[in-house]
Protein chains: 2
Amino acid sequence: MNTESIDGEGKSTPYPQRLTGACLHCSLRALCIPDHLPIDLIEQLAAFVHNIGPLHKGETLIRAGEPFRAVYAIRSGLLKSSVFGESNAEHVAEFLLPGELIGLDAIAAARHITQVTVLDTAVVCRVPYEQLLTLSRRVPGLERRLLRILSAEISHEEWFMALEGAENRVASFLIGFGAKMEVRGYSAVEFTLKMTRRDIASHLRIAPETLSRVLKVFQERGLISIKGKKIHLLDRFELETRCSHPAGG
Amino acid sequence: MNTESIDGEGKSTPYPQRLTGACLHCSLRALCIPDHLPIDLIEQLAAFVHNIGPLHKGETLIRAGEPFRAVYAIRSGLLKSSVFGESNAEHVAEFLLPGELIGLDAIAAARHITQVTVLDTAVVCRVPYEQLLTLSRRVPGLERRLLRILSAEISHEEWFMALEGAENRVASFLIGFGAKMEVRGYSAVEFTLKMTRRDIASHLRIAPETLSRVLKVFQERGLISIKGKKIHLLDRFELETRCSHPAGG
DNA sequence: CGCTATTTTGATGTTGATCAACTCTTGTGG
DNA sequence: CCACAAGAGTTGATCAACATCAAAATAGCG
């Protein structure tokens, strides 16, 4: 496994000229930064966006403590961001899916608190922060967009924190993950959790054994069915009752 | 106790003309939005900032679910923001001190998820969000400032979540609160926790009884001394060891 | 000064963590 | 393609931390 982080390194690939419209034609446009920008501004944005990858499982995109230089937009794959607490225990802060932005939490400290690791082969777009900020001065919508993303993250966090009990946490995770998949055009009730149980448990702040048991209980109650990493939500309503909120992750 | 929220209501007092320089001369300027803005822009900002208060203990500044119209900067006093989980249980998300900004977490959903309540007589500045955003278009530093505030909140949250165990949580809270007091010109080791134990416990996600016991243990070990709501940190270093981070709360 | 809310203290209960063993999956090289 | 190894996931037994319940002590307030 790679011990070097990739942030700002030579592994990046600038878009070749013919791909200037990369952002324009990106299937994730609606989820990503530019949203409903006029075409000329999208092209300005694309001009300094660099493609990185494919990155492979186990590689580190951002190392904790590194100076903050750029944010990353995920094009494909799966990553996790984690914090290392006392005794260097890893805690998974969130799972990162295509269309999501990585690194905005590092703005304040000017360096990354979280470490970002690849869980499943991924391609990301590197967006230098200074240039993004410069562009955002001319594009009001972009600025709002960034605020919105950060704001959403906070309110989700606040909300999730209020959940007590292992079962509620797990239910919330399943519903939230399903919702994220749905936004990306997949089924909200049938999906594959490519990350390990250990990582999920860490994210939910429960022991892996507890997660395993809760999933089993859910299955016995007919709420879900499990085939290894493949999950099928059978009683979405009942699961939602346990966390009374539309989305999360 | 008042059952009406104050957001957008008639209780506000626009600055009289002679106080146009209110933001300019505000003792919290360094902590608040304008920071190092040129004087003319500070005055533009002050032009649409309204003074609200004094608000008294138990009053609700923002009610959960309300549409998002403005952010508030705290001038004096103490407030809490809380989320209501299942079975309507209150969970204190954070305590709000002078110089802090309230409501940015509502940008994404366009309405408030958290409820903001006054814990100790407070005066706040109401800043309409649309106008703030308009002004920020002309002031790059302002935009950065907002991003920075949100970013800091996220990274603090991520960090705090990684702490396990009631003692670590309490230690972190004490150190973090002290740090906040210090920034505001007070002692970092001797302060009054005006909020109830119940609210602190809720914020730390432990039972009030557990908080009480942990505080007692800390006192017995000579880490702190307690006189009702007055806390004195005697061994700051040892407390910091338990959470290995500079600030929080 | 007495009432009420808050805090503390003690006893008991539960949830979920931990430890340990076992099974299943995945990936590798012969 | 199979054998093997290493990691991942499950299962069961035990334990500790913390919540909950109940009640006394204290502080705050009219």
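In the text below, chain A, chain B and the rest are named by the order of the sequence lines, each starting its count at 1.
Atom-to-atom, CZ of B:R197 to C1' of D:dT26 comes out at 12 Å; the value is rounded to the nearest Å. Atom P of nucleotide C:dT6 and atom CD1 of B:I200 are separated by 13 Å, given to the nearest angstrom. When the P atom of C:dC24 is taken as reference, atom NZ of A:K229 falls 17 Å away, rounded to whole Å. Atom C1' of nucleotide C:dT26 and atom NZ of A:K194 are separated by 15 Å, given to the nearest angstrom. When the P atom of D:dT20 is taken as reference, atom CZ of B:R198 falls 12 Å away, rounded to whole Å. We find that CG of A:L119 is positioned 15 Å from C1' of D:dG7, with the value rounded to whole Å. A straight line from CG of A:L215 to C1' of D:dT11 spans 14 Å, rounded to a whole angstrom. If you measure from atom CD1 of A:I231 to atom P of D:dG9, you get 11 Å, rounded to the nearest angstrom.
Remark: the backbone N or O of B:L104 is paired with a side-chain donor or acceptor of A:S151 at under 3.5 angstrom. A:E182 contributes no side-chain N or O that, together with a main-chain N or O of A:A188, makes up a donor-acceptor pair within less than 3.5 Å. Between the side chain of B:T60 and the backbone N or O of B:I62 there is no donor-acceptor pair closer than 3.5 Å.
The list of ring-ring contact (aromatic ring centres under 6.0 Å, His included) pairs with a residue in residues 179-201 of chain A, not counting sequence neighbours, reads A:F177-A:F191. Counting only residues at least two apart or on different chains, the salt bridge (charged side-chain N to carboxylate O under 4.0 Å, His left out) pairs with a member in residues 194-207 of chain A are A:K80-A:D199, A:D120-A:K194.
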Between protein and nucleotides 9-16 of chain C, what N or O pairs are separated by less than 3.5 Å?
unit_1: C:dG10; atom_1: N7; unit_2: B:R213; atom_2: NH1; d: 3.0
unit_1: C:dG16; atom_1: OP1; unit_2: A:A166; atom_2: N; d: 2.7

* Working for salt bridge (Lys or Arg N to Asp or Glu O under 4.0 Å), residues A:R111 and A:E66 -> CA-CA 5 Å; A:R111 51 195 192 80; A:E66 272 182 352; over 6 Å; no
* Before giving the answer on side-chain contact (heavy atoms from CB on, under 4.5 Å), spell out for A:F173 and A:L163 the whole-Å C-alpha distance, their side-chain angles and the decisive distance to 0.1 Å. => CA-CA 11 Å; A:F173 173 74; A:L163 276 184; over 6 Å; no
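Taking 4.5 Å as the limit, every side-chain heavy atom of A:V83 sits out of range of all side-chain heavy atoms of A:Q115.
Residues from residues 218-228 of chain B that place a heavy atom under 4.0 Å from any atom of DNA chain D: there are none.
In this structure, the separation between CD on B:E220 and CG on B:L215 is 11.0 Å, given to the nearest 0.5 Å.
Evaluation of the side-chain contact (heavy atoms from CB on, under 4.5 Å) rule for A:S202 yields A:H91, A:V92 as partners, not counting sequence neighbours.
Note on B:E209 versus B:R213: no salt bridge recorded, every NZ/NE/NH1/NH2 to OD/OE distance being 4.0 Å or above.
Axis orientation changes by 50° from one end of the helix from C:dC1-D:dG30 to C:dG30-D:dC1 to the other, with each end axis drawn from 5 pairs and the value rounded to 10°.
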